[in-house]
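Report on the structure given below.
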Amino acid sequence: MDKTDTPAKRSKPGKRPTISDVARLAGVAPAIVSRALSPQRRPVSAEKKERVLKAADELGYRQNPLARGLATQSIDLVAIIINHMTDLSDLDLFDSLLDGVQMLGKQAIMIRVGSNQRIDEFLRNSLSYHVHAAVVFSDFADAGEVRELFHSDNVLMLNGRFDAQSHYITIDEDSGIRDLIRFARSRGVSSAALLTGRSSSIVEQTRIAAYRSACAIEGIEIQREISGDYSYQSGLEADFGAATPDAVFCTSDTMAMGVMDQLRAQGKHPPRDYSLFGFDAIERGNFGAYDISSVGFDRADFIQAILSFLQEPEAFPETGLCIPTRYIARSTG
DNA sequence: CCAACCGATACCTTAGCGTT
DNA sequence: AACGCTAAGGTATCGGTTGG
């Protein structure tokens, strides 16, 4: 009697079939099934491979990624580390990114760091996967930290905190902001308020510096710099003082929406009474009532760059990638 | 008798090695 | 080259033991 056909080893009815079930049906050892189904070229005769494929199909066998990860110490899991997902522009971006990751046959795990400054402790307690790769949006993490935490060298930094060993994509915000300020000046803007996000972030610091420098070059006076937090609420509550400036520059579209509603309540409408500029260029179709002039980059290019990294990290340019931004004219400018 | 603790085992797959 | 056996990987759970 075939010793692999003991009742004890047969999986329970209703349970998802395992590699052993396939092996039993195909009349081969489990290791042969593993090889036959492996994407790598491993020695299996054509005849047995065929039997395995037929048996797997018949049973509806699906590989168990967790068990596979247990055996290989790696898993086709991509960790995406974000601060939070409250900004409207995040929805577009992450939806497309998750779609792309899944199209590559990988799964994504999103880790929300929130405002937790102690990312190290946070991640250590929440996760010990050896992931295939990590994509870092959150600016609370630096490259070395992430490599260590996820036991992976495939770390893509999108937050500016990369080091010599890491892969990174940066967004050239300067180009789009200069376009925007130049445009504003051409429309007669001479003074403005700047509503910023969390200024502890490196990306935000760079962004703020770009606004200041472009305004200085074009001769626009930043009368007021207001510290917000990217949220609609912080736009709604931003204090512009007695006189509304010619223009309001916001470092996120969501804050610009808040500003628009705040000033609308005072009977002021852009672009008639002031010019309003956001940042991120959220999909206009989703928020028709807020057709805010903005700075943005090509999301498809950005996503494609991330996916190319996930597909072949070794081939990713060592010098990193830079995605340019541009001014996107809509109706509030 | 019960709680606390500890070691053994099951889970599933694959890498590595020895055999045919 | 093809094949099959075995160990290993991390964690939850089970079962047994110990101490109070």
Side-chain angles (χ1 to χ4, degrees), chain A residues 1-82 98 101-113 116 118-136 138 141 143-156 165 309-315:
Chain A
M1 177 177 151
D2 184 346
K3 68 177 177 176
T4 62
D5 197 26
T6 58
K9 277 203 164 183
R10 196 175 298 138
S11 64
K12 291 172 197 154
K15 263 194 116 182
R16 173 180 167 155
T18 69
I19 211 167
S20 298
D21 299 321
V22 177
R24 203 176 302 114
L25 184 62
V28 299
I32 297 301
V33 177
S34 169
R35 283 177 217 173
L37 301 177
S38 168
Q40 295 168 45
R41 278 212 173 157
R42 310 201 62 209
V44 191
S45 64
E47 183 254 334
K48 290 202 170 169
K49 183 165 186 168
E50 170 128 356
R51 266 158 54 194
V52 167
L53 292 176
K54 188 161 173 282
D57 184 53
E58 201 172 309
L59 293 172
Y61 168 75
R62 293 256 165 258
Q63 201 176 45
N64 181 327
L66 290 177
R68 183 173 188 278
L70 196 58
T72 59
Q73 285 283 287
S74 70
I75 192 162
D76 260 357
L77 189 63
V78 176
I80 300 174
I81 302 152
I82 62 173
L98 291 182
V101 168
Q102 287 173 192
M103 293 289 272
L104 292 179
K106 301 179 190 302
Q107 288 299 324
I109 175 170
M110 293 195 83
I111 298 157
R112 181 189 180 281
V113 176
N116 197 327
R118 295 155 73 196
I119 187 174
D120 179 272
E121 188 184 324
F122 181 82
L123 291 179
R124 217 183 287 284
N125 291 338
S126 65
L127 187 91
S128 59
Y129 281 118
H130 295 225
V131 301
H132 166 73
V135 179
V136 184
S138 166
E145 209 169 34
V146 176
R147 276 197 297 274
E148 189 193 335
L149 288 166
F150 290 98
H151 312 278
S152 172
D153 287 335
N154 298 335
V155 173
L156 183 63
Q165 291 173 63
F309 168 78
L310 295 177
Q311 211 163 7
E312 232 182 319
E314 312 79 36

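In what follows, chains are A, B, ... by sequence order, proteins preceding strands, each numbered from 1. Note that these values count all heavy atoms, side chains included, but never hydrogens, waters or copies made by symmetry.
For A:Ala29, the side-chain atoms get nearest to C:dC5 when compared with the rest of B:dT14, C:dA2, C:dC5. With distances taken from any side-chain atom of A:Ser45 to the nucleotides B:dT14, C:dA2, C:dG4, the minimum falls on C:dA2.
The interatomic distance linking A:Arg62 (CZ) with B:dT13 (P) rounds to 13 Å, in whole Å. A:Asp21 has its CG atom 13 Å from the C1' atom of B:dT13, to the nearest Å. To the nearest angstrom, C1' of B:dT14 lies 9 Å from CZ of A:Arg35. At whole-Å resolution of the value, CD1 in A:Ile19 and C1' in C:dC5 are 14 Å apart. If you measure from atom NZ of A:Lys49 to atom P of C:dA1, you get 16 Å, rounded to the nearest angstrom. At whole-Å resolution of the value, CD1 in A:Ile32 and P in C:dC3 are 6 Å apart. What separates CZ of A:Arg24 from P of B:dT13 is a distance of 12 Å, to the nearest Å.
If A:Arg42 and A:Ala31 are placed on DNA chain C by their nearest nucleotide, the residue sitting closer to the 5' end is A:Arg42.
For the pair A:Tyr61 and B:dC12, the criterion of a side-chain N or O lying under 4.0 Å from OP1 or OP2 is not met. Side-chain nitrogen and oxygen atoms of A:Lys48 include none within less than 4.0 Å of the OP1 or OP2 phosphate oxygen of C:dA2. A sub-4.0 Å separation between OP1 or OP2 of B:dT14 and a side-chain N or O of A:Arg68 is present.
Ion pairing between A:Arg24 and A:Asp21 holds under the 4.0 Å rule for side-chain N and carboxylate O. With respect to A:Glu50 and A:Lys54, no salt bridge is recorded, no charged nitrogen being found less than 4.0 Å from a carboxylate O.
A:Thr18 contributes atom OG1, which lies 7.5 Å from atom OH of A:Tyr61 (distance to the nearest 0.5 angstrom).
Five base pairs at each end of the helix from B:dC1-C:dG20 to B:dT20-C:dA1 define two local axes, and these are offset by 40° (rounded to 10°).
In this structure, A:Ile82 and A:Val113 have side chains that are not in contact, with every pair of non-hydrogen atoms separated by 4.5 Å or more. Side-chain contact between A:Val78 and A:Val135 is present, with heavy atoms from C-beta onward closer than 4.5 Å. At a threshold of 4.5 Å between non-hydrogen side-chain atoms, the residues A:Val52 and A:Leu37 count as touching.
Considering A:Leu98, A:Ile109, A:Ile111 in turn, A:Leu98 is the only one that fulfils the side chain to side chain contact (heavy atoms under 4.5 Å, CB included) rule with A:Ile80.
Across all strands, A:Val44 comes closer than 4.0 Å only to sugar-phosphate atoms, never to a base (heavy-atom distances).
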